[in-house]
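Within every chain, numbering begins at 1; the chains are lettered A, B, ... in the order of the sequence lines, protein sequences first and strands thereafter.
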Amino acid sequence: MNEDSLKSRAVPVLVPMPAERPYSYLVPEHMSVQPGSIVRVPLGPREVAGIVWDTAVDQVDPRKLRPISQVFDCPLIDAKTRRFVDWVASYTLSPPGMVARMLLRAPEAFDPQPWTEALKRTERLPDRMTAARERVLEMAADGLAWTRSGLAHAAGVSSTVVEGLKAQGVFETVMVPPRPVVAEPDPSYGRAELTGDQAAAAETLREQAEGGIFGVTLIDGVTGSGKTEVYFEAVAAAIKRGHQVLILLPEIALTQAFLDRFHDRFGTKPAEWHSDLPPRMREKVWRQVAEGTVRVVAGARSALFLPFNDLGLIVVDEEHDPAYKQEDRVFYNARDMAVVRAHIGGFPVVLASATPSVESRVNAEQGRYARAVLPGRFADAALPHLATIDMRRAPPARGGFLSPVLLAKMRETLERKEQSLLFLNRRGYAPLTLCRVCGHRFGCPVCSSWLVEHRFRGQLVCHHCGHTEKRPEACPECGTLDHLVACGPGVERIAEEVVAHFPDARTIVLSSDMLGGVKRLRLELEAISKGEADIVIGTQLVAKGHNFPNMTLVGVVDADLGLANGDPRAAERTFQLLSQVTGRAGRTGKKSLGLLQTFQPDHPVMRAIVSGDSEAFYDREITEREKAHLPPFGRLAGIIVSAATRPEAESHARGLRKAAPDSRDIHVLGPAEAPLALLNGRHRFRLLVQGEKRSDMQAYIKALLAAGPKIRGSVRVQVDIDPQSFL
DNA sequence: AGCACGCCGACT
DNA sequence: GTCGGCGTGCTC
């Protein structure tokens, strides 16, 4: 055997750990693998699943080489998906192995799903006929294979009846292939009647989907303008051409309501993919996506890393939603990586939002993305009338937070037996507690942000790191009793105020820390839709997806919240959030009203919301961004340093800051002065890097990391490159 | 990211 | 005297 043939028997395998390159493994004599094969390989003391890659094998000490232990009986990860993994790794400056790990998130799915036993009618008749047996035979008369429990359930008998018949030879067992998790969607099942603008937009998308070439279309239209119906036409076109389709949704929008709409259009549900899918289902979906049995997946951002082999369209709904951004391990924005996956795959992408991200708007304006605008709501869903309440001129009563103007409208709404929604994006009772005697403020002992009082639970809670302590009676600084004062409102405190004003109204608070979790929340939302509450007070989560048909008043308690936090996207985010919240009203055809309590009624965000002139807002925002060289006109990257202790993280961040060479086009800002999250027990600091070109930024960051202090101990460094354009 | 190896405090 | 804490280092 010559050296060449020895070499040719080692292949590169991407293993799910943070290695910069694939590892090399020997292929045993009678095994055959190719790029894309999923294999089991020994790694240190354990065995892991990896993907055979197509790079050149590393020069590695031949004595270290170990053999592949098994090739899974599983469809290959295709070349396009492999290129996608490489691209994401390179763009996000993450180890390719960690990106591959996201693709291999269903370890049990690499082995084929077992065939299952089923029952099939034989010629034989039972010895005695009973009513129950008759029903069973009737059900099974179709000659198809039934599962025992399925047949018993369908016939309305206990499974012992079926078992008895089987014992008599009335049924035989046959092996059947695993059942598809969802039925095949029918593109012509429930075609919607589209109005002029919708039909035009749908036609554009349909052509693009039929053409099967890369292109990005931004569908942009107010809530209720029929965006979903329009992009369903593109989905239908892609299905007709025999391609798989992925619909990405922010996790929270993946609700029954969406699944029902999909069902109305395609006669079946899409396969779902999200973080709390039961493990068995997870495996089935993963496997069936790889095999092509599943044609349409609706999923959260991680669905982008499913092993599609024949993807022909991606839809990103609510494309502006920050939930598309993953901020641990591999930092990526699924909206942008969707564009990349489509570019590599050579198929179209649809981005949909009532309030597009500034990035997408600019991409559309500059002609990289096509844009389809849906200007109006359906006829019976008038837009709410929107106005600001100037809190300087109509201040709340002492100790309160609701202006008399808002309270008056709430009373009117109550008298009309309609519902009001008060929105405040702050959990708990009060965001800050201080001692009236000595001025002591309650801060978090671990991450130094203020502790939020949760009066209902009798606790002080850090919303940054989750630290909780009991709310004391006395000041820990000066010992004075009963002189602690709550500063500012949270939803609990607003609820208190509402109950004081409207003691007979049915008031409910909705927030993510509500007792009873997601299940309870879903029930409450349901109850509200049925009219079982008069006044709803809620945080962010009421802004999303849910329809309350009798909701005719929306009050934003603090419209200024979030405008002054130093985030370069603060105005954009506030605009998007306020648009969504006020959009909760007026979906019924009834006259409805949205009121924003603000100290800055002339702020561009407020003016845009009130006038409905979002174009003006975007124009202004785009100009500002361009001036400040912020995305999408300049790059922004975060270098996130995390460590077990705060000083450790801080000192490493400062070391990196010092290592940054002066550069005309790229600046390193920070470390951020604001206390950063304590995440999974780790303190994180963020250095902001600002520059012009992506390639320069990436090179700069790599150099910076190489020149900076050596990473050791528990210190970790990750990079978060802000999205721009991928064309 | 796992996982083992290795070196210092409270216990069957 | 051992069980177990998590610091350090390695995995083709």
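Nucleotides of DNA chain B with any atom under 4.0 Å from a heavy atom of chain A span, from 5' to 3', B:dA1 to B:dA4.
Evaluation of the ring pair (Phe, Tyr, Trp, His ring centres under 6.0 Å) test over residues 281-322 of chain A, restricted to residues two or more places apart or in two chains, returns A:F84-A:F305, A:F110-A:W286, A:F305-A:Y332. The salt bridge (Lys or Arg N to Asp or Glu O under 4.0 Å) pairs that include a residue from residues 269-282 of chain A are A:K269-A:E272, A:R280-A:E283, where partners are two or more places apart or lie in different chains.
Partners of A:R441 under the side-chain contact (heavy atoms from CB on, under 4.5 Å) rule, at least two apart in sequence or in another chain, are A:L432, A:L434, A:W450. Residues that satisfy the ring pair (Phe, Tyr, Trp, His ring centres under 6.0 Å) test with A:H454, not counting sequence neighbours, are A:H463.
Side chains of A:Q540 and A:N425: a donor on one and an acceptor on the other come within 3.5 Å.
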Might you list the N or O atoms of the protein lying below 3.5 Å from N or O atoms in nucleotides 9-12 of chain C, with each pair's distance?
from: C:dT11; atom 1: O3'; to: A:G44; atom 2: N; distance (Å): 2.9
from: C:dC12; atom 1: OP1; to: A:Y25; atom 2: OH; distance (Å): 3.4
from: C:dC12; atom 1: OP1; to: A:P42; atom 2: O; distance (Å): 3.1
from: C:dC12; atom 1: OP2; to: A:R66; atom 2: NH1; distance (Å): 2.6
from: C:dC12; atom 1: O3'; to: A:S24; atom 2: O; distance (Å): 2.7
from: C:dC12; atom 1: O3'; to: A:R66; atom 2: N; distance (Å): 2.9
from: C:dC12; atom 1: O2; to: A:S24; atom 2: N; distance (Å): 2.7

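Ring-plane geometry between A:W87 and A:Y91 is classed as parallel, the angle between the planes falling under 30 degrees on a 0 to 90 degree scale with a further cut at 60.
Nucleic acid contact for A:P18: base, since at least one base atom lies under 4.0 Å from a heavy atom of the residue. Looking at heavy-atom distances under 4.0 Å, A:R63 makes no contact with the nucleic acid at all.
Using a cutoff of 4.0 Å between basic side-chain nitrogens and carboxylate oxygens, A:E453 and A:R471 are scored as salt-bridged.
The structure places CD1 of A:I639 at 9.5 Å from CG of A:L688, a figure rounded to the nearest 0.5 Å.
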